[in-house]
Structure formats: C-alpha cells, structure tokens
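For reference, the structure is listed below as structure tokens.
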Amino acid sequence: MNFKRLWTIFKTRNREFFRDRSAFGWNFLFPFLIIGGFAIIFGGREYTEYKIGVFPCEPGTFNIEETDIPALFQKTRYMKFIAFQTAEQGLEKLKHHKIDFLIKNGSPTNEYWVSDSSPKGYIVEKIYNSSFMPQSKKENTNKKNIQGSEIRYIDWLFPGILAMNMMFSALWGVGFIIVRYRKNGVLKRLKVTPLTAFEYLSAQLLSRIYVLMFSLVIVWIGCDLVFSFKVG
Amino acid sequence: MPAILEVKNLVKKYATITAVNDVSFTVEQGACFALLGPNGAGKTTTIEVIEDVISATSGTIEYKGKPRSASFKDEIGIQFQETSLLSFLTVRETIETFQSFYQKTTSLQELTDLFNLEEFLDQGNDKLSGGQRQRFLMALALANQPEFLFLDEPSTGLDPQARRNLWNIVQQIKSKGKTIILTTHYMEEAQYLCDEIAIMDNGVIIAQGTSEELIKEYCGGITVVIPKKSFSLSLNNLSMKYREIQGRIEIQTNSINECLDQLLFLDIDLTDMTVRSPNLEDVFLNLTGKQLRE
C-alpha cells in the first residue's frame with residue numbers, strides 16, 4: 001500500500017466530482033428538489049375532522065350556537081358543522097360518506113341519521129349521545145397531559161431522502177465509474193503503472209465517503225434553513 | 001548490445017482464435033524494434049502480453065535476463081493504441097497524477113519542452129486535437145523516465161506532418177538510449193525509425209531483420225511501376241514477373257535494361273513509368289501476397 005498513490009487518486013476523483021456538473025446536480029440539487037417537492041405535495045396539515053350535517057338551516061346565515069344541538073357537542077374539537085336546507089340534501093351527502101352524521105335541528109326527539117358503514121359516523125354518534133349524559137353519570141377518569149409536537153411528513157421523509165441520495169451516489173460514484181473506466185480503457189492504462197487495484201479501489205471508496213459527507217452536510221444545512229427540520 | 005527483452009515461444013489463444021502463435025524474438029538494449037503487420041496480425045496482443053496487460057497462454061518473457069518482477073512496471077512506459085484518461089483533468093494535472101505513481105520521474109518542464117506541450121498544458125485532456133493528444137500520450141508514457149518504451153501504433157490517425165513530428169520525437173527518445181518496441185502498419189515508419197523489424201501476419205513472425213536485410217533477402221533489384229492503362233492488349237505477353245496493384249503494374253527486376261527492352265518491344269507507353277527501390281511493403285507483398293493495409 002502506497003499512500004502517495006492512494007492520495008493522488010483520492011484527489012483526482014474528488015476533482016472529477018466537483019468539476020462534473022451532472023454529478024453536482026444529482027448530489028446537491030436533486031435532494032433539495034425531492035424534499036421541496038414532497039414538502040409541497042404532502043406538507044398540508046391534515047387532522048381527522050368530522051363533518052356534521054344540520055338541517056333545516058340556511059347555509060348563508062348558519063350559526064351553530066343558534067341551534068338546539070347540545071353545547072357540549074358543539075364545543076367538541078375537530079367537528080365541522082355544515083348546514084342543509086332539507087333532509088334530502090343532507091341524506092344524499094351522508095349516503096356517500098361526504099358527511100359523517102346528520103342532525104335535525106329543532107327535533108323534540110333529537111333525531112339523527114348515521115350510515116352504518118361509516119366508522120367516523122359511529123364515533124360521532126358515540127360523542128353525540130354522550131353529550132346528553134349528565135356529568136354525574138360519567139365514569140371517573142384521570143386525564144394527564146404530555147408535552148410534544150407533531151412530526152411532519154417531511155421530517156420523516158428527510159432521512160430517507162438522504163439515505164437514498166447516499167445509496168445512489170455510492171452506486172453511481174464507485175460502481176458505475178469503475179465499469180465506465182473499465183470499458184473505455186482507463187483501468188487498462190492504470191494497470192500498467194505501479195498503482196495497485198487495492199490502492200485504486202480504496203481511493204475510490206474514500207473519495208466517495210468524503211464527497212458523501214460533504215454533500216450531506218450541505219444538503220442538511222440547506223434543507224434545515226428552508227424547512228426547519230427537527231432532529232432527534 | 002545485451003538483450004534487454006527476450007520473448008520465447010509466446011502463444012496467446014482466445015476461445016477459437018490463436019492471436020499469437022509461437023512468437024520468439026529478442027530486443028537489444030537501446031534498440032528500436034518494430035512489429036510490423038496488417039490489422040489483426042497479432043502485434044498489439046503480443047506487446048500487451050509483454051506489458052502484462054493480458055496473460056500469455058504459454059511461453060516465457062524475460063526482462064533483463066529474469067522473469068518480469070514488480071519493478072518492471074516502474075521501468076516501462078506505455079502508449080496504447082487507444083486509451084481514455086481520467087476525466088475532467090487538465091493535461092498538467094494528468095501528467096502530475098501519473099508522475100505520482102512512480103519513484104523516478106521526468107520533470108514536467110522537461111516533458112513540456114520535449115513534446116511542446118506548453119500551448120495546451122492547462123487545457124482539458126479530452127479537448128485536444130489528434131496531434132496534441134499523441135504528443136500528450138507520449139509525454140505520459142515518458143513521465144516515469146522509463147528504460148523501455150512501448151508504442152502501439154503511435155501515428156495511426158495522424159496527418160503526414162503530425163506523423164513526421166512524432167517520428168522526430170521518437171528519434172529524440174531513441175537518442176537518449178531508451179529501448180523502444182513500436183508496432184505499426186506504416187512500413188515507412190518502421191523503416192525510418194527502427195533498427196530491427198519483425199513482420200507479423202496471422203499471429204506469426206514471418207520475417208525478421210533490419211530493413212536492409214529484409215529487402216535484400218525477400219526483394220532484391222528494383223521495381224518498375226507503370227499505370228495499367230499504358231498496357232493495351234499486351235499484358236499477357238509480359239514474360240517478366242509482375243503484380244497488379246490498384247490500377248498499376250509493378251515489375252520487380254534485377255536488370256532495368258532488359259526490363260525496358262521488353263517493355264519497348266511490346267510497344268508500351270512509358271510516359272508515366274516510375275522506378276523505385278524496393279521497400280518493406282514489397283517484402284510483405286512477396287511474403288504474403290497481400291498488402292500491409294488490406
């Protein structure tokens with residue numbers, strides 16, 4: 001093993017990488033674009049939201065607080081109330097699961113409709129019925145809060161993109177380059193010099209590790225500035 | 001001069017082809033040795049086996065009286081017939097890269113002066129003209145101060161002027177006492193540069209010697225060349241040995257007087273006649289019945 005020869009091939013390969021615009025694009029621009037693209041596509045906040053239809057009401061002037069729906073149910077989070085003028089309009093939506101639950105406003109018997117094939121409808125029905133139950137009849141429970149924040153889709157995606165980038169970069173930067181050099185005679189030219197196959201391959205691997213670490217840091221810092229990643 | 005390289009009974013076989021068949025020769029120290037032959041004769045395979053790029057099927061190769069050792073690669077310089085180089089490097093960087101592989105090196109300045117590299121030293125190694133590229137590849141071959149130089153068809157694809165320049169460079173290298181093996185299918189190149197020539201065909205050396213020895217042994221006399229159109233119906237009446245090549249009739253004779261007498265007797269138009277000394281092309285033609293570049 002001659003470290004001078006290894007160092008030369010290491011430097012040469014690095015030069016090749018930094019001067020090759022296509023390699024530069026694949027290693028730096030591609031991860032940015034992928035992460036940016038996925039951030040746009042999947043970046044929206046999407047909480048489970050239950051849609052409750054209420055009739056007969058005027059959609060233009062609808063105010064949930066003016067209905068006789070139990071206040072406890074009205075104040076339940078993640079409920080969205082939608083006004084319908086007639087029962088038919090609401091039932092049509094309910095039938096196709098466009099809404100999860102339908103309540104008749106002003107009904108003395110608290111009439112409601114729910115689709116038996118809708119899991120969300122089932123949950124809403126339970127919440128609706130429990131809102132009529134007196135507080136004293138409810139079972140004792142012990143609520144405790146924890147501190148935490150949401151892990152966004154892009155936070156999950158980022159390590160995967162980096163790993164994919166490293167994998168492709170290694171495959172391309174070592175595997176493909178060696179195949180290309182074998183085909184176009186570069187390896188043959190190097191074979192007749194004192195450079196050994198081990199030195200050549202070691203230099204290729206070290207160079208790729210160096211380039212990967214470098215590109216990883218750049219992509220990480222860049223993406224963190226744009227998307228504010230949470231690490232750990 | 002002592003022999004620096006000795007090749008004995010070298011055979012290289014591929015699946016169904018014998019590329020080199022029982023080739024033996026020796027190269028003296030400081031000599032320029034040519035392997036001359038048409039494409040596919042086995043020249044490149046022979047020198048690639050010697051260079052240790054490919055292994056021989058059988059036979060022995062001795063360098064300085066011993067089998068080639070690890071130091072052999074330090075002492076040889078090679079210019080392949082076709083080669084690519086590490087991408088995205090300048091000529092200067094490529095030479096420096098190759099220099100770093102060796103203990104002993106020729107300085108960049110010396111190489112630049114010898115091969116006139118100054119004008120394109122900082123140019124990309126893939127952006128050179130044919131002549132520049134050949135000079136650069138030759139400089140690379142000399143980057144390690146080699147004792148033994150392999151030049152595989154160095155002038156192929158060059159225009160006549162670039163070829164002439166290359167010959168001058170090879171002469172300069174030779175004058176520094178380097179031993180050279182050169183393969184070529186240009187007979188004038190072998191004749192001009194080399195001390196000893198081995199003519200190869202179908203993987204076999206069919207003749208070997210200096211160019212004078214080969215011409216004397218296989219040709220002799222002079223060659224009279226007449227365009228075929230000068231012969232009317234009288235070609236069949238020609239009693240001298242002749243051959244027809246690309247629209248001209250070549251007659252090899254030891255007596256120009258007798259030859260001219262017969263041509264005049266047959267009433268042949270001699271206006272476009274030329275007379276030349278025989279060359280290695282004639283040697284090859286006489287040995288194989290075909291031209292070097294067929």
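Quick note on labels: first sequence line is chain A, next is B, and so on, each numbered from 1. When reading the values below, keep in mind they use all heavy atoms of this one structure, side chains included, and skip hydrogens, waters and symmetry mates.
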Proximity breakdown for E48(B) and chain A, heavy-atom pairs closer than 4.5 Å =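 Just its side chain gets close to chain A.
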Let me know if F80(B) has heavy atoms under 4.5 Å from chain A in its side chain, its backbone, both or neither.
-> side chain
Taking atom [atom1] of [X] as the centre, does the number of heavy atoms from other residues, nucleotides or ligands within less than 6.0 Å exceed 12?
| X | atom1 | result |
| --- | --- | --- |
| W172(A) | CH2 | no |
| L33(A) | CG | yes |
| E65(A) | CD | no |
| F62(A) | CZ | yes |
| K93(A) | NZ | no |
| F18(A) | CZ | yes |
| K98(A) | NZ | no |
| K178(B) | NZ | yes |

Full working for side-chain contact (heavy atoms from CB on, under 4.5 Å) between Y181(A) and L86(B) | CA-CA 8 Å; Y181(A) 277 176; L86(B) 298 157; 3.7 Å; yes
I9(A), part contacting chain B, at a heavy-atom distance under 4.5 Å =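 Contact with chain B is through the side chain of I9(A) alone.
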Any donor-acceptor N/O pair, K73(B) side chain to K191(A) backbone, under 3.5 Å |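 Yes; judged by distance alone, with no hydrogens or angles, the pair exists.
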Where the side chain of T8(A) meets the backbone of S100(B), is there a donor-acceptor pair that is under 3.5 Å apart?
-> no
Determine which residues belonging to residues 138-148 of chain B lie within contact range of chain A, meaning some heavy atom pair is under 4.5 Å apart, and list them by number or answer 'none'.
-> L140(B), A141(B)
Stepwise side-chain contact (heavy atoms from CB on, under 4.5 Å) check, K188(A) with T83(B) | CA-CA 8 Å; K188(A) 184 178 159 188; T83(B) 193; over 6 Å; no
At their closest point, which heavy atom of Y102(B) faces which heavy atom of T193(A), and how far apart are they?
-> OH-CG2, 3.3 Å
Atom pair CG (L190(A)) and OG1 (T97(B)), whose distance is rounded to the nearest 0.5 Å | 9.5 Å
Salt-bridge contact R19(A)-E93(B) (side-chain N to carboxylate O under 4.0 Å) =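 Yes, this pair counts.
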What's the verdict on side-chain contact (heavy atoms from CB on, under 4.5 Å) for L195(A) and F98(B), showing C-alpha distance, side-chain angles and the deciding distance?
-> CA-CA 9 Å; L195(A) 181 77; F98(B) 274 79; over 6 Å; no
For each of R13(A), R5(A), R189(A), tally heavy-atom pairs with chain B at distances under 4.5 Å, and name the one with the top tally.
->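 With the most close heavy-atom pairs to chain B, the winner is R189(A).
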